[in-house]
Structures are given as C-alpha cells and as structure tokens.
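Following: one structure in structure tokens, then a few remarks.
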Amino acid sequence: MPSIDVCFSPELLHLYDLKGKAVVAVDILRATSTMVTAFAHGAADIYPVMQLEECRTYAEKGCLTAAERDGVKAEGFDLGNSPFGYMSGNVQGRSIAITTTNGTRAIRLSEAAEEIVVGAFLNLQAVADHLSKLQLDVLVVCAGWKGKFNLEDTLFAGALVERLQDRFASENDATLASLYLYQTAKQDLPGFLRQSSHVRRLENLEINKDVEFCLQHDTFSVLPVWKQDRLINLQRELV
Ligand SMILES: O=C(O)[C@H](CS(=O)(=O)O)OP(=O)(O)O
Ligand SMILES: [Mg+2]
C-alpha cells in the first residue's frame, strides 16, 4: 500500500526525499485555489515563478502576468492572487505566469518529485482520484506562510488524508495531526479559521469573500499537474 505524509512548510523539504513521489502542493489562501479557478475558467497553462522580475518577462511571450506581494496585486501586473480575478472570461485560452508569496515557491521547490499536483479544497476529489490511480507515495507540501506553519493548508492535508485513508498508509504523526485537525474543524471551516493568521490578514484587506470561496469543497474537477516548466490541466488533456 502506498503511503501519505505531510510536510508543513517548504522550509522542511530538505528532510524529505521527493524522488519517485507524488507531491500535492497546496496554498489554500490563495495561490493554489486561484490556479484551480483559472484552469476551471479555461486557462491554457500556468507558469509558477518565484520572483517578480522573472514573472514580468513572461509578458513578452504573450502571457498574462499575475503577482501578489503582501496580500495585494503587485504594481504593473495584469492580475493579482484573488480567484475572483480569473472568472470573467479574461483567462480563457491564455497562458499565465504567476508569482505569490508562498504558493508558487512551494510548487517550484518540489520539482524533484515524480509528479506535482496542485491541490485545493476546490478540486479535492479530482486530486484524490488522481492519486489513487497513480499509486505513488504521496507528500502533501503545505505552502505555509513565509516558511511557517499555517492552519488552512494543514486542514487541506487532513481532508485529503480522510479521502485516501482506506487506500494509503498514514506515514507518521504529521498525517494523523492533519486528519484530526480536519475532523475537528470540518463542520465549520470558516468559523475554525476565524482566528488564523491568514484570515486576519485578509480581513484587514477586506477580502473575506476570497476565504469563503477557497474553503468550498469539490467545486471544480480540474487537475493541474507540473509538466517540464509549467502547470497544465490534465483533466482537460484526458477529455
Ligand atoms: O495572496 C495571498 O493570499 C498570500 C499572501 S500572504 O500570505 O498574505 O503573504 O499569498 P500566497 O502565496 O497565496 O499564500
Ligand atoms: Mg497561503
């Protein structure tokens, strides 16, 4: 039986051997929720990059550019990091280059894995189904916040463990802690997260609706996976 494990921050990735594993990169608030939403609204592919300057260069290649720093859209880019910015038909058929504080970093630091899947509550079941078929050992890589633990990504890890627990062995206490946390919180995720650092940060920016949106389960069946230098929507490729 393959196993499932949880890494609470990209800063802890040096403790794990990613070779031959499937990584699920997660940044519920808001990078991976936003990427899933972009694919659900027809984005062709997504280039997650770490630096603002690198992201800017993708405009010359015909990409839309998206950047967030300190929770707000960075100056001079087409889009920010709110899923609501990707829903108006503006990303249909377009390539997007995106850089955010935590999420794009988690994806790029996982490149040694056999497969990287982008996960969010919004596409939870699509991710669970894909991992069940793959039969690789799984590591959920939580983007956290500037190298530190956060609640929302850990809750996602617990939700995924809950969906996979009959088919994957729980690797260690990180897996169990995530599962127990999710089981405690799942009746009222917005309430549970009210005191979390990120929700308080976003509240100050008056974007509570983003939090509510990002906590919805199974809204989309898109499956963003890393291929060479970008994310593609494997679900669409399979149709
Ligand atoms: O835009 C976001 O939600 C966050 C910004 S921060 O955590 O407030 O710095 O970026 P993300 O990379 O999506 O965590
Ligand atoms: Mg985040």
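In each ligand, atom 1 is the first atom listed, and ligand 1 is the first ligand listed.
Within 6.0 Å of atom CG in Asp229, more than 12 heavy atoms from other residues, nucleotides or ligands are found, so the atom counts as buried in its surroundings. By the 6.0 Å contact criterion, NZ on Lys148 is open, its count of non-hydrogen atoms from other residues, nucleotides or ligands being 12 or less.
In this structure, Arg30 does not pair ionically with Glu68, as no charged nitrogen and carboxylate oxygen lie closer than 4.0 Å. Here Glu212 does not pair with Lys209 in a salt bridge; the nearest charged N to carboxylate O distance is not below 4.0 Å. Here Asp78 does not pair with Arg94 in a salt bridge; the nearest charged N to carboxylate O distance is not below 4.0 Å.
For ligand 1, residues of the protein lying within 4.0 angstrom by heavy-atom distance are Asp27, Leu29, Arg30, Ala31, Glu68, Gly71, Asn81, Thr100, Thr101, Asn102, Gly103, Trp145, His198, Arg201.
Looking at Ser95 and Asp45, their side chains do bring a donor and an acceptor atom within 3.5 Å of each other.
For the Mg ion (ligand 2), the neighbouring protein N/O/S atoms at less than 2.8 Å, given as residue and atom, are Asp27 OD1, Leu29 O.
Remark: Phe149 engages Phe8 in a ring pair (Phe, Tyr, Trp, His ring centres under 6.0 Å) (not counting sequence neighbours). Qualifying ring pair (Phe, Tyr, Trp, His ring centres under 6.0 Å) partners for Tyr16, counting only residues two or more places apart in sequence or in other chains: none.
The two residues Pro2 and Asp137 come nearest to each other via the heavy atoms CA-OD1, 3.3 Å.
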